[in-house]
Amino acid sequence: MTSTPPLLFSSLSLHPATLTNLAQLGYAEMTPIQAASLPAALAGRDLIAQAQTGSGKTAAFGLALLERLNPRRFAVQALVLCPTRELADQVTVEIRRLARALDNIKVVTLCGGVALRGQRASLENGAHIVVGTPGRVMDHLARGTLALEALNTLVLDEADRMLDMGFFDDIATVTQQCPPERQTLLFSATYPPGIERLAQQFMRSPERITVQAPVTESLIEQRFYEVTRATRFATVAKLLNHFRPVSTLAFCNTKQQCKDLVGYLQQQGFSALALYGELEQRERDQVLAQFANRSTSVLVATDVASRGIDIKELEAVINVDITPDPEVHVHRIGRTGRAGESGLALSLASLDEMGAVGKIEQYQNIPSVWHKLEELTPTGAGPLLPPMVTLQILGGRKEKIRPGDVLGALTADATFAREQIGKITVTDFTTFVAVQRELALAALQKLNNGKVKGKSVKARLL
Ligand code: AMP
């Protein structure tokens, strides 16, 4: 832990345009991880920083790599390796946001599941920053479509997750192709032994940065409930009816448990979807879009599948099964209560899970607070329904559809107000648009009868 760090971005030597941009973005003060890591990162030091999604870590490395970038040099100067495509997409969005006040900086995302050809074209057009998953980045290096000779900054984001996913060798291969005099910034929520191996092989006397675990100082309220195998799923339903969170991420330890729980919840009238490994990318995109745009109340996920998801406004996390790994527990519940919002972390434990609960208590150094199932009385009128519904338009990035085109089609002739339309997610072949539940049919009609980008489109209700 460094000594009391400065909290204002203006205390750092950042480009004046960046400072103005940060103020416009509403980043008034640095988050703890930013305050602890930016001075050393801007001074060019290698860093190993302990940080979770939601801590502001992307800006911590994003600001550092942007500061060293020369926009007039058309070569890849920074590479960010991420474990998943979702995280890579989020990192790209955040870097673009941070860079918007600077000259024309090109950020290219390189992930699997997307045709190589388009990526190659983007690289040929000149990229200053590449954000990608190790496998696909390696692929481009092997094909000679990506060169790293001009690289200044290498970032390993969520390094622990990349190691979990077996990317050590890929990371090593990519790193060996970076110039040795680069800066390396490693971010990780946990420190498995592989992190030390990475540090020893690829980093130069890195500064180590930890900020107090966000959980203990955050506004996450943890409640534990004792259940049996027979009452576990029914208890999840009771929690939902009692707390009525708009968005809940429910963790199960196995894929089968996810499937079973989703089946149960759907049968009980909840809007729930499952996210587990083995879903095709398209299915995964669809599930995530529906959850992120608040048209699905509950996302039931395994730990592996949930990696890299960054959904804002997650009111609750439910640990349907207790994880045997206390670090995973902390990671799970850290998904709620972000950025000063309060969050609920509800954990269901049967007698045979009490050992795991004990380990969690020791790890967090806080006693578990147990609540009685009888407290879980239904509140509110009627079933829990999500506020939005999703309309799917057949056509996406390949058809050059942008969110603004869809918004334009819906708000033309003042049929709908901008506030009635939610998140618009454009993927390669399809577009998801959230609208307020009451407007579903009218909006569907408007899309099917009108035009998006001058063309008729087909839309359906999901
Ligand atoms: P991250 O941990 O990088 O995923 O960031 C979590 C969220 O916090 C992102 O939506 C950022 O836009 C936001 N954020 C990052 N830094 C700040 C800051 N200093 N003040 C306010 N919000 C921030």
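Here, residue 1 is the first one in the sequence, and each next residue gets the next number. Note that ligands are numbered from 1 as they come in the structure, with each ligand's atoms numbered from 1 the same way.
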For Gln392 and Thr430, does a side-chain donor sit closer than 3.5 Å to a side-chain acceptor?
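Yes, because at least one side-chain N or O of Gln392 sits under 3.5 Å from a partner of the opposite role on Thr430.
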Hydrogens and angles aside, do His140 and Gln119 bring a side-chain donor and acceptor to less than 3.5 Å of each other?
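On atom types as modelled, these side chains qualify, holding a pair under 3.5 Å.
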Would you mind running through ligand 1 and noting each atom that sits below 4.0 Å from a heavy atom of [X]?
X: Arg97; value: 12 (O)
X: Glu29; value: 18 (C), 19 (N), 20 (N)
X: Thr58; value: 1 (P), 3 (O), 4 (O)
X: Phe9; value: 19 (N)
X: Lys57; value: 1 (P), 2 (O), 3 (O)
X: Glu94; value: 11 (C), 12 (O)

Show the numbers, then the answer: is there a salt bridge (Lys or Arg N to Asp or Glu O under 4.0 Å) between Arg223 and Glu221?
CA-CA 7 Å; Arg223 296 186 178 203; Glu221 186 187 350; 2.9 Å; yes
Tell me whether Gly56 has any N or O atom under 3.5 angstrom from an N or O of ligand 1.
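There is such a contact, yes.
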Could you pull out all residues at least two apart from Leu407 that satisfy side chain to side chain contact (heavy atoms under 4.5 Å, CB included)?
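In terms of side chain to side chain contact (heavy atoms under 4.5 Å, CB included), with neighbours along the sequence ignored, Leu407 is linked to Thr411, Arg418, Ile421, Ile424.
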Face-on cation placement of Arg197 at Phe168 ring, 6.0 Å and 45° thresholds
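The answer is yes, since Arg197 meets both limits relative to Phe168.
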Just say parallel, tilted or perpendicular for the rings of Phe224 and His329, cut-offs at 30° and 60°.
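Phe224 vs His329 ring planes: parallel.
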Heavy-atom contact check, 4.0 Å cutoff: does Gln90 meet ligand 1?
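No, Gln90 has no heavy atoms under 4.0 Å from ligand 1.
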